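Have a look at the structure below, then the notes.
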Amino acid sequence: MKKIVFTGGGTAGHIYPNIAIAEELTDFEKHYIGTNGMEKEIIEKQKNFTFHEIKSPKLDRSKKLKNLSIPFKLLKGISLSKRVLKTIKPDVVFSKGGFVALPVAIAARMMHIPVITHESDLSMGVANKLISKVANCTCTTFFETSKTNKKYIWTGQPIRSQLFLGNRERILSKLKYPNKKIILVVGGSLGAKKINELFLNPEFLTNEYVVIHSTGKKNIDDFKPKENYYPVAYLDPIADYYSASDLVVTRAGSGVINELLALEKPMLMLPLSKKASRGDQIENAKLFVKLGYGEMILDEKLNQEKLKATIENMMQNLEKYKKNLKNAPKNDTNKKICELIEKLC
């Protein structure tokens, strides 16, 4: 049986696309190399995966002195990855990027194991810039990214098949079938502090809409259900919540906005500022606004008044966004990536 190693972590956006591809590779023995972080927690709940733990350095944008130790930690991570890869003897490595994946990809290249990496965002992250230099193939979510390098291939974003099986009725029955539009607020798998703060007093929206608010597990105790306001720690299964929503308010990580694109859900994007990121979410959001899939509010302009006004305007024009989403170029992403994996094997 052929063997594949998946790697990538730090956020759910690095992990779930790996799972989406793994679902398609039914004739492969599947392994996952990652750190003792979110990837371990998620992957160990999946069937047909063997998880292997390593340590990996991460770039800290706020404490630059900490980054001086990265080269030494990276060497250790490469050594650990080599040891694991020698044990598995995989036919191919599929990387979803992030600093978790960097030592694994370098080790695989040194051992002459084919590597495919996938970039979710419009612009290449630091880790994936390095990984792409050792990879046999670099896949991109956005067509615009693929045009920046002849070696890049536009595939789109891998999407889990279960996202298309959402049961709207399950959520509507919990809400007792409201006669108002439903807004789903997604702060990410860990929650989003600034977004959460806006909904400590949700009445600015709940007179006109039903709001389902994903707070993140660590924050749920700060929020109590109120009329037309339903805080949840984690959206499980997220497909049901997506299916029930009329509008999704979210950060602009590539994973979630491309899921919404695939599901043809209008979105209001609240990208992380450049102070908290490298600006990739702002770039993603600007492109989706340009293409007519939704709207965005920059972090420094985000407040209850602006959020309410933008939502009201979008609700009046939902059909326009739905039409643009429906007409968006489609790519059979999972199949295309699996074909590349088979070819490299």
Side-chain angles (χ1 to χ4, degrees), residues 11-13 16 38 42 163 166-253 255-260 263 265-273 276 281 285 288 293-315 318 321:
T11 68
Y16 283 117
M38 186 183 289
I42 293 174
L163 288 181
N167 188 326
R168 176 181 172 87
E169 286 296 309
R170 270 200 289 255
I171 303 302
L172 292 181
S173 64
K174 288 181 183 179
L175 304 181
K176 299 179 181 178
Y177 296 93
N179 59 357
K180 300 175 185 288
K181 296 285 189 184
I182 297 173
I183 299 170
L184 178 63
V185 181
V186 184
S189 49
L190 298 176
K193 184 179 178 182
K194 188 159 186 179
I195 295 175
N196 282 350
E197 287 173 351
L198 293 174
F199 287 90
L200 288 169
N201 297 297
E203 290 79 9
F204 74 104
L205 284 178
T206 53
N207 288 331
E208 296 176 56
Y209 310 105
V210 171
V211 176
I212 303 172
H213 175 202
S214 175
T215 66
K217 291 179 183 178
K218 294 180 180 179
N219 311 307
I220 188 64
D221 291 339
D222 297 333
F223 299 87
K224 304 299 178 189
K226 299 179 181 179
E227 186 178 359
N228 294 329
Y229 174 73
Y230 302 87
V232 293
Y234 191 69
L235 299 173
D236 186 27
I238 195 169
D240 289 356
Y241 289 95
Y242 278 160
S243 181
S245 63
D246 295 289
L247 174 69
V248 180
V249 178
T250 178
R251 287 299 193 191
V256 66
I257 65 173
N258 277 283
E259 287 176 354
L260 296 172
L263 296 169
K265 287 288 174 181
M267 63 195 88
L268 172 53
M269 295 161 283
L270 313 176
L272 281 168
S273 70
Q281 291 197 7
F288 269 34
Y293 304 155
E295 302 296 338
M296 69 178 281
I297 303 174
L298 292 173
D299 214 49
E300 54 269 26
K301 296 182 179 179
L302 181 59
N303 54 49
Q304 288 186 340
E305 291 74 24
K306 180 70 172 177
L307 188 61
K308 182 180 180 181
T310 307
I311 287 172
E312 287 177 343
N313 183 61
M314 290 189 71
M315 285 297 188
L318 277 184
Y321 299 110

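Note that the coordinates shown come from a computational prediction; the quantities given were computed from them, not determined experimentally.
- Put simply, OG on Ser243 and CG on Asn167 are 7.0 Å apart, with the number rounded to the nearest 0.5 Å.
- With a 4.5 Å cut-off on side-chain heavy atoms, Met269 and Ile257 count as touching.
- The two atoms that bring Val186 and Ser214 nearest to each other are CA-CB, 4.3 Å, heavy atoms only.
- A cation-pi arrangement is present between Lys217 and Tyr234, with the terminal nitrogen or guanidinium carbon under 6.0 Å from the aromatic centre and inside a 45° cone about the axis.
- Distance check: Tyr241 OH to Tyr230 OH gives 11.5 Å after rounding to the nearest 0.5 Å.
- Between Leu268 and Ile311 the shortest side-chain heavy-atom distance falls below 4.5 Å.
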Inset, instruction - Could you walk me through whether Leu184 and Thr250 pass the side-chain contact (heavy atoms from CB on, under 4.5 Å) test, one step at a time? - result: CA-CA 8 Å; Leu184 178 63; Thr250 178; over 6 Å; no
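- No side-chain N or O of Glu312 forms a donor-acceptor pair with one of Tyr209 less than 3.5 Å apart.
- The shortest non-hydrogen separation linking Met38 to Ala12 is SD-N, 3.3 Å.
- Under the side chain to side chain donor-acceptor pair (under 3.5 Å) criterion, Glu208 pairs with no residue at all, not counting sequence neighbours.
- Counting heavy atoms of neighbouring residues, nucleotides and ligands inside a 6.0 Å radius, atom CD of Glu227 does not exceed 12 of them.
- The line from CG of Leu260 to CZ of Phe288 is 8.5 Å long, rounded to the nearest 0.5 Å.
- A donor and an acceptor atom, one from each side chain of Glu259 and Tyr16, are nowhere located under 3.5 Å apart.
- Summarising the geometry of Pro271 relative to Ile297, their closest heavy-atom pair is CD-O, 3.4 Å, with the distance given to 0.1 Å.
- Looking only at distances, a side-chain donor or acceptor of Asn219 sits under 3.5 Å from a matching main-chain atom of Thr215.
- Contact check for Val232 versus Phe223: no side-chain heavy atoms found under the 4.5 Å cut-off.
- The shortest side-chain heavy-atom distance between Asn196 and His213 falls under the 4.5 Å cut-off.
- Shown here for Lys224 and Pro231, the closest heavy-atom pair between the two residues is C-CG, 3.9 Å.
- Closest approach of Leu272 and Gln281 over heavy atoms only: N-OE1, 3.0 Å.
- Qualifying salt bridge (charged side-chain N to carboxylate O under 4.0 Å, His left out) partners for Lys180, counting only residues two or more places apart in sequence or in other chains: none.
- When side chains are defined from C-beta on, Val210 does not count as touching Lys181, because their heavy atoms never get closer than 4.5 Å.
- Inter-residue side-chain proximity for Val211 and Ile182 is flagged as unmet; no heavy-atom pair is nearer than 4.5 Å.
- Here CG of Asp246 is found 5.5 Å from CE of Met315. Values are rounded to the nearest 0.5 Å.
- To the nearest 0.5 Å, atoms NZ (Lys301) and OG (Ser273) are separated by 13.5 Å.
- With rounding to the nearest 0.5 Å, the separation of OH in Tyr229 from OG1 in Thr206 is 9.5 Å.
- With respect to the salt-bridge test (charged N to carboxylate O, under 4.0 angstrom), the residues Glu203 and Lys226 qualify.
- Using a distance-only test at 3.5 Å, with no hydrogens or angles considered, a donor-acceptor pair links the side chain of Lys265 to the main chain of Ser245.
- Ring geometry for Phe199 versus Phe204: interplanar angle of 30 to 60°, hence tilted.
- Within the 4.5 Å cutoff, side-chain heavy atoms of Leu302 are placed close to those of Leu198.
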Inset, instruction - Output, in order, the C-alpha distance, side-chain angles, deciding distance and verdict of salt bridge (Lys or Arg N to Asp or Glu O under 4.0 Å) for Asp240 and Lys174. - result: CA-CA 11 Å; Asp240 289 356; Lys174 288 181 183 179; over 6 Å; no
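- Residues Val249 and Leu270 form a side-chain contact, since some pair of their non-hydrogen atoms from C-beta on lies under 4.5 Å apart.
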